[in-house]
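Read through the structure below, which is laid out as structure tokens, and then see the notes.
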There are 2 protein chains.
Amino acid sequence: MKEKELRRSLAVLPIGTVMKLTNLTARQIRYYETQELIKPERSDGNRRLYSLNDVDRLLEIKDYLDEGLNMAGIREIFMQKQLDQEHRKEQQSKTLTDDDVREILHDEILRAGGLQGMSPTSPKLR
Amino acid sequence: MKEKELRRSLAVLPIGTVMKLTNLTARQIRYYETQELIKPERSDGNRRLYSLNDVDRLLEIKDYLDEGLNMAGIREIFMQKQLDQEHRKEQQSKTLTDDDVREILHDEILRAGGLQGMSPTSPKLR
DNA sequence: GTTTCATGTCATGTTTTCTAACATATAACT
DNA sequence: AGTTATATGTTAGAAAACATGACATGAAAC
């Protein structure tokens with residue numbers, strides 16, 4: 001699903017569209033930017049360009065505000081989330097290398113022991 | 001997958017973005033509109049607004065042009081596709097009513113035969 | 001060598017967005 | 001009560017993007 005991620009993170013929406021999609025005013029959207037809650041791209045002509053992910057994030061911000069959080073609180077939550085996500089990715093890459101280890105082990109067994117009864121293409125292995 | 005369809009058909013992109021995404025000039029994009037190959041929405045201020053589906057369609061148009069088709073040909077192909085799709089939908093709804101028929105039959109069996117050995121909440125039934 | 005088609009280019013007007021500044025309501029604090 | 005901070009409204013002026021319409025043009029078709 002890499003193409004989907006790309007689509008969601010492509011900065012293609014002008015602020016007017018984002019206003020409609022989020023029901024926020026331009027003032028609010030820009031203010032959240034000064035508070036470093038979002039960081040839209042810029043066009044050649046310096047216009048802000050938002051991605052679908054940005055829209056989601058703005059909707060999140062709205063929710064948190066409704067719950068009474070302030071800018072600092074929301075900023076903190078977002079940083080938390082980011083850390084969490086990085087952690088997950090790290091875990092995933094670790095898992096992957098575990099699999100790699102298994103594969104390497106498998107190869108070594110094959111080479112060391114020769115084929116004693118097991119077919120090299122045995123379904124149990126990979 | 002209804003939300004996804006909605007997302008893909010939401011008119012949110014200004015022509016400048018579409019130009020970058022398709023590598024077409026504004027002139028070309030507007031011309032294809034006069035040829036009724038696309039029909040973007042309009043904002044309150046009369047700006048054209050395109051959906052992701054529109055972008056896909058424009059990329060298709062590009063391909064067909066590269067293959068030597070002209071506007072009329074492409075228009076024809078699109079109409080063809082639309083018919084085809086409508087046909088598919090009709091077929092699907094027919095299939096659905098077949099299922100309905102089965103369900104009705106099932107209900108009737110229950111009512112007619114009474115509960116001879118089958119529990120009314122038997123997992124096999126619905 | 002005209003026509004037609006698809007596109008380029010230019011002019012002019014309108015809409016959208018930008019930044020920056022000043023204003024204000026609400027909540028928090030002393 | 002008076003002050004302060006926060007989040008947002010409002011306004012002004014400039015720049016960018018977009019709309020429409022007209023005229024221009026290269027390539028293909030006839």
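Letters A, B, ... mirror the listed sequences (proteins, then strands); counts begin at 1.
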From CG of B/Leu24 across to C1' of C/dA6 the rounded distance in Å is 12 Å
What residues 42-64 of chain A contributes to the DNA chain C interface at heavy-atom separation below 4.0 Å is A/Arg42, A/Asn46, A/Arg47, A/Arg48
Picking from C/dG8, D/dC18, C/dT17, the nucleotide nearest the side-chain atoms of B/Gln28 would be C/dG8
In this structure, CZ of B/Arg48 is separated from CZ of B/Arg42 (nearest 0.5 Å) by 4.0 Å
When rounded to whole Å, the CE to P distance for the pair A/Met19 and C/dT15 reads 16 Å
Testing D/dC23, C/dC18, D/dT6 for proximity to the side chain of A/Arg30, the answer is C/dC18
note: B/Met71, atom CE; C/dT4, atom C1'; distance rounded to Å ~ 13 Å
Can a donor-acceptor pair be found, under 3.5 Å and without considering hydrogens, that links the side chain of A/Arg75 to the backbone of A/Glu36? no
Taking NZ, NE, NH1 and NH2 as the nitrogens, is one of them in A/Lys62 or A/Asp66 under 4.0 Å from a carboxylate oxygen of the other? no
Taken to the nearest whole Å, CG/B/Asn70 to P/C/dT7 is 11 Å
Exercise. Between A/Asp54 (side chain) and A/Ser51 (backbone), is there a donor-acceptor pair under 3.5 Å?
Worked result: yes
Atom CZ of B/Arg75 and atom P of C/dC5 are separated, to the nearest Å, by 10 Å
Of A/Arg27 and A/Thr17, the one whose nearest nucleotide on DNA chain C sits closer to the 5' end is A/Thr17
Rounded to whole Å, the CG-P distance (B/Leu69 to C/dC5) equals 15 Å
B/Glu33 CD to C/dA6 C1', in whole Å, measures 16 Å
Q: Using a cut-off of strictly less than 4.0 Å, decide whether B/Tyr31 has a side-chain nitrogen or oxygen near OP1 or OP2 of C/dT7.
A: no
Atom CD1 of A/Ile29 and atom P of C/dC18 are separated, to the nearest Å, by 9 Å
Neighbour count above 12 (heavy atom, 6.0 Å) for A/Glu86 CD
yes
Among C/dC22, C/dA6, D/dA19, the one nearest any side-chain atom of B/Ile15 is D/dA19
Just by distance, no angles: are the side chains of A/Glu76 and A/Gln80 close enough, under 3.5 Å, to form a donor-acceptor pair?
no
So side chain to side chain donor-acceptor pair (under 3.5 Å) across residues 15-24 of chain A, not counting sequence neighbours, yields none
